[in-house]
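This report concerns only the one structure given below.
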Amino acid sequence: MGKYTEMVDLTGKTVVVTGGLSGAGRLIAEVLIDAGADMILTYNRSAGAADTMKNEHPGSSISCFRLDQSDISSIEGFAGALADEGITIDCLVNNAGIYPACRIDDITPEGWDAMMDTNTRGVFFLCKALKPLMLKPASIINISSINATNPARALAHYGASKAAVEMVTRSLAQVYGDSGIRVNCIAPGLIYKEGQDEYIPGWADSYKERSPLHRLVQAEEIGKTCLFLASDLSSAITGQTITVDCGIMLAPCFYNEC
């Protein structure tokens, strides 16, 4: 029995986590595995991580499929493969996405389209494609970002794609409730990863200074929020965005407040 089954037991439940073999998605998946869920993980470029994940969790049910979320035919192929195997789904975590920092003057039409195709269009059409396989009740969890509401100079296209995901979440929640499917969103703040300052120097220190908890978000904390939204503990919650940011959105406008 894993440590999370003491809080929430997902034994017998099937959960899909897109991008679940690398980055934050891997740690989200590990929380859900530890809660007893049967996992379906997708990857685009990290096929080699599949065996590692399975070896690290002996006795767990883990299946891995390639999915290019920017490609509608890949989405349809993934849904078809699950249907052919007779798989039904209790929870879908739309974690996969891209996050290239780029100043506004340098954003190209191609870069904008790639962001929207993966982060927004892919989420919407994956929800549509997997809806027929979802049980009643079921839960869809879309991963957004604090940049959906708080702009960053190097993330205009990323923030726009995540703002759209939050509206997609509310729209699907309004319609899918008729089918017993709850749809919610998690908006993480800056998630800790090795080599954080190599990506954009100074981001981590600035974040820790301004957030009330004075630290970055741990990917496992996003996983624990997914665990809550996947379970009956959140049975009356739909169409909502839960911010998990160590309080950065509370950062004061002025440094020298009384």
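- You'll find the side chain of Leu229 stays beyond 4.5 Å of the side chain of Cys226, heavy atoms only.
- In this structure a side-chain-to-backbone donor-acceptor pair under 3.5 Å is missing from Ser70 to Asp117.
- More than 12 heavy atoms of other residues, nucleotides or ligands lie within 6.0 Å of CG in Asp84, so this atom counts as buried by the packing criterion.
- Contact of the Phe124 side chain with the Leu172 side chain is registered, since non-hydrogen atoms from C-beta on lie closer than 4.5 Å.
- A donor-acceptor contact shorter than 3.5 Å links the side chain of Thr108 to the backbone of Gly111.
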Please walk me through it: do Cys64 and Leu21 pass side chain to side chain contact (heavy atoms under 4.5 Å, CB included)? CA-CA 9 Å; Cys64 301; Leu21 289 178; 4.1 Å; yes
Residues His57, Ile33; criterion side chain to side chain contact (heavy atoms under 4.5 Å, CB included); working and verdict: CA-CA 8 Å; His57 299 278; Ile33 289 169; 3.8 Å; yes
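- A salt bridge links Glu221 to Arg215: one of the charged nitrogens lies within less than 4.0 Å of a carboxylate oxygen.
- Here the straight-line distance linking atom SG of Cys91 with atom CD1 of Ile140 works out to 8.5 Å at 0.5 Å rounding.
- Formation of a donor-acceptor pair under 3.5 Å by the Asp90 side chain with backbone atoms of Thr14 is found in this model.
- Rounded to the nearest 0.5 angstrom, Glu166 CD and Asn142 CG are separated by 9.5 Å.
- Clustering ILVMFWY residues whenever any of their side-chain heavy atoms sit less than 4.5 angstrom apart, transitively, puts Ile40 in the very cluster that holds Ile181.
- Between the Ser74 side chain and the Asp71 main chain, no donor and acceptor come within less than 3.5 Å of each other.
- Using a 4.5 Å heavy-atom cutoff, the side chains of Asp38 and Lys13 are not in contact.
- In this structure a side-chain-to-backbone donor-acceptor pair under 3.5 Å is present from Ser234 to Ser231.
- Here Gln69 contributes atom CD and Thr18 contributes atom OG1; the two are 5.0 Å apart, rounded to the nearest 0.5 Å.
- Under the 4.5 Å side-chain criterion, counting only non-hydrogen atoms from C-beta, Tyr43 is not in contact with Ser22.
- Across every non-hydrogen atom of Ala219 and Leu27, the tightest pair is CB-CD1, 3.4 Å.
- Between the CZ atom in Arg182 and the CG atom in Asp232 there is a gap of 7.5 Å [rounded to 0.5 Å].
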Could you walk me through whether Thr149 and Met249 satisfy the side chain to side chain contact (heavy atoms under 4.5 Å, CB included) test, starting with their C-alpha distance in whole Å, then the side-chain angles of each, then the deciding distance to 0.1 Å, before giving a yes or no? CA-CA 9 Å; Thr149 52; Met249 298 294 275; 3.3 Å; yes
Test Ser179 against Lys131 for side chain to side chain contact (heavy atoms under 4.5 Å, CB included), laying out the working first. CA-CA 9 Å; Ser179 301; Lys131 179 176 178 283; 3.3 Å; yes
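- At a threshold of 4.5 Å between non-hydrogen side-chain atoms, the residues Asn94 and Cys127 count as touching.
- With contacts defined as side-chain heavy-atom distances shorter than 4.5 Å, the pair Ser63/Met39 does not qualify.
- One hydrophobic cluster holds both Val217 and Ile143 under the rule that ILVMFWY side chains link at heavy-atom gaps under 4.5 Å.
- Of the charged side-chain nitrogens involved, none lies within less than 4.0 Å of a carboxylate oxygen, so that Glu76 and Lys128 do not count as a salt-bridged pair.
- No donor-acceptor distance shorter than 3.5 angstrom exists from the side chain of Asn150 to the backbone of Ile146, with no hydrogens or angles considered.
- For the residue pair Thr42 / Arg66, no side-chain donor-acceptor distance below 3.5 Å is found, with atom types taken as modelled.
- Closest approach of Ala173 to Val183, counting heavy atoms only: CB-O, 3.7 Å.
- In the hydrophobic cluster analysis, where Ile, Leu, Val, Met, Phe, Trp and Tyr join through side-chain heavy atoms closer than 4.5 angstrom, Val168 is grouped apart from Met115.
- Each of Leu32, Asp34, Ile222 was checked for a side chain to side chain contact (heavy atoms under 4.5 Å, CB included) with Leu227, and the lone residue meeting it is Leu32.
- One finds no salt bridge joining Lys224 and Glu220 here, because no Lys/Arg side-chain nitrogen approaches an Asp/Glu carboxylate oxygen to under 4.0 Å.
- You'll find the side chain of Asn184 stays beyond 4.5 Å of the side chain of Thr241, heavy atoms only.
- Expressed to the nearest 0.5 Å, how far CG of Asn119 lies from OH of Tyr99 amounts to 11.5 Å.
- Using a 4.5 Å heavy-atom cutoff, the side chains of Glu209 and His214 are not in contact.
- Not a single donor-acceptor pair under 3.5 Å links the side chain of Asn95 to the backbone N or O of Val17.
- Residues Thr243 and Asp245 have side chains that never bring a donor and an acceptor to within less than 3.5 angstrom of each other.
- No donor-acceptor distance shorter than 3.5 angstrom exists from the side chain of Ser161 to the backbone of Met116, with no hydrogens or angles considered.
- Residue-environment remark: CD (Glu56) exceeds the threshold of 12 foreign heavy atoms within 6.0 Å.
- No continuous path of ILVMFWY side-chain contacts below 4.5 Å connects Leu10 to Ile87, so the two sit in separate hydrophobic clusters.
- Closest approach of Ile75 and Gly122 over heavy atoms only: CD1-O, 3.7 Å.
- In the hydrophobic clustering of ILVMFWY residues, with side-chain heavy atoms under 4.5 Å counting as a link, Leu67 and Ile98 come out apart.
- For the pair Thr118 (side chain) and Ala114 (backbone), a donor-acceptor distance under 3.5 Å is present.
- We find the CG-CD1 distance between Leu190 and Ile248 to be 9.0 Å, quoted to the nearest 0.5 Å.
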